[in-house]
Undergrad: 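One structure, pasted below without further comment.
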Amino acid sequence: MLVFGAFAPKGDLTAHMQLQEALPPDTSLGGEVQYAGGVKPDGTWEGNSLFNNMGFRKEMNAAFFKQLGQDAKKELRAKLKDGYVNVECTDDQLQEAQKLFRRGDYKIVSA
């Protein structure tokens with residue numbers, strides 16, 4: 001399932017961190033991010049995110065499941081950010097996201 005939300009960075013909280021927090025409990029994702037990207041206002045799909053870095057993603061997914069508070073997650077992200085770099089989604093991942101969108105297999109969430 002694809003999940004969308006109109007999130008923008010707020011201080012140390014990235015848009016993707018906020019989106020993960022807003023995931024509804026009824027999704028098959030269960031809060032686990034598999035890859036991340038965005039859609040620009042002109043409709044262009046992009047896939048650049050720290051969440052696409054496997055090590056960073058594993059750490060942040062674990063923090064989500066441990067139900068760490070926002071301050072703890074921001075601290076963890078700040079620590080991890082120095083050791084990981086943004087990674088682009090693969091072409092296959094972007095194509096999968098677009099396919100899910102076209103099929104209507106998505107949810108829109110808000111904070």
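Computed from a predicted structure; not experimentally measured. Hydrogens, waters and symmetry mates are skipped; everything else that's a heavy atom, side chains included, is used.
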Undergrad: When rounded to the nearest 0.5 angstrom, what is the spacing between CZ in Arg77 and CZ in Phe51?
TA: 8.5 Å

Undergrad: Please table the atom pairs, donor to acceptor, closer than 3.5 Å between any side-chain atom in residues 97-106 and protein atoms at least two apart or in another chain.
TA:
from   : atom 1 : to     : atom 2 : distance (Å)
Arg103 : NH2    : Asp105 : OD2    : 3.4

Undergrad: Under the side chain to side chain contact (heavy atoms under 4.5 Å, CB included) test, which residues partner Leu76, sequence neighbours left out?
TA: Glu59, Met60, Ala63, Lys79, Leu80

Undergrad: How many angstroms lie between atom CE of Met54 and atom OH of Tyr84, to the nearest 0.5 angstrom?
TA: 11.0 Å

Undergrad: Is there side-chain contact between Val33 and His16, with at least one heavy-atom pair below 4.5 Å?
TA: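 SC-SC contact between Val33 and His16 ruled out.
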
Undergrad: Locate the shortest heavy-atom distance separating Ser49 from Ala36; write the atom from each residue and the value.
TA: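 Closest approach of Ser49 to Ala36: OG-CB, 3.6 Å.
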
Undergrad: Does the side chain of Val109 come within less than 4.5 Å of Phe7's, by heavy atoms?
TA: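 They are in contact (side-chain heavy atoms under 4.5 Å apart), so the answer is yes.
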
Undergrad: Quick one: does any side-chain atom of Asn53 pair with a main-chain N or O of Val85 as donor and acceptor, under 3.5 Å?
TA: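 Yes.
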
Undergrad: So do the side chains of Gln20 and Val3 get within less than 4.5 Å of each other, counting heavy atoms only?
TA: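 Result no, sub-4.5 Å side-chain heavy-atom pair not found.
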
Undergrad: Could you go through Val87 and Phe56, starting from their C-alpha distance and side-chain angles, then the distance that decides it, and tell me whether this counts as side-chain contact (heavy atoms from CB on, under 4.5 Å)?
TA: CA-CA 10 Å; Val87 174; Phe56 180 87; over 6 Å; no

Undergrad: Among all residues two or more places apart in sequence or in another chain, which pass the side chain to side chain contact (heavy atoms under 4.5 Å, CB included) test with Lys40?
TA: Asp42, Thr44, Glu46

Undergrad: CG of Asn52 to OH of Tyr35: how many Å apart, nearest 0.5 Å?
TA: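 Between Asn52 CG and Tyr35 OH, I get 9.5 Å after rounding to 0.5 Å.
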
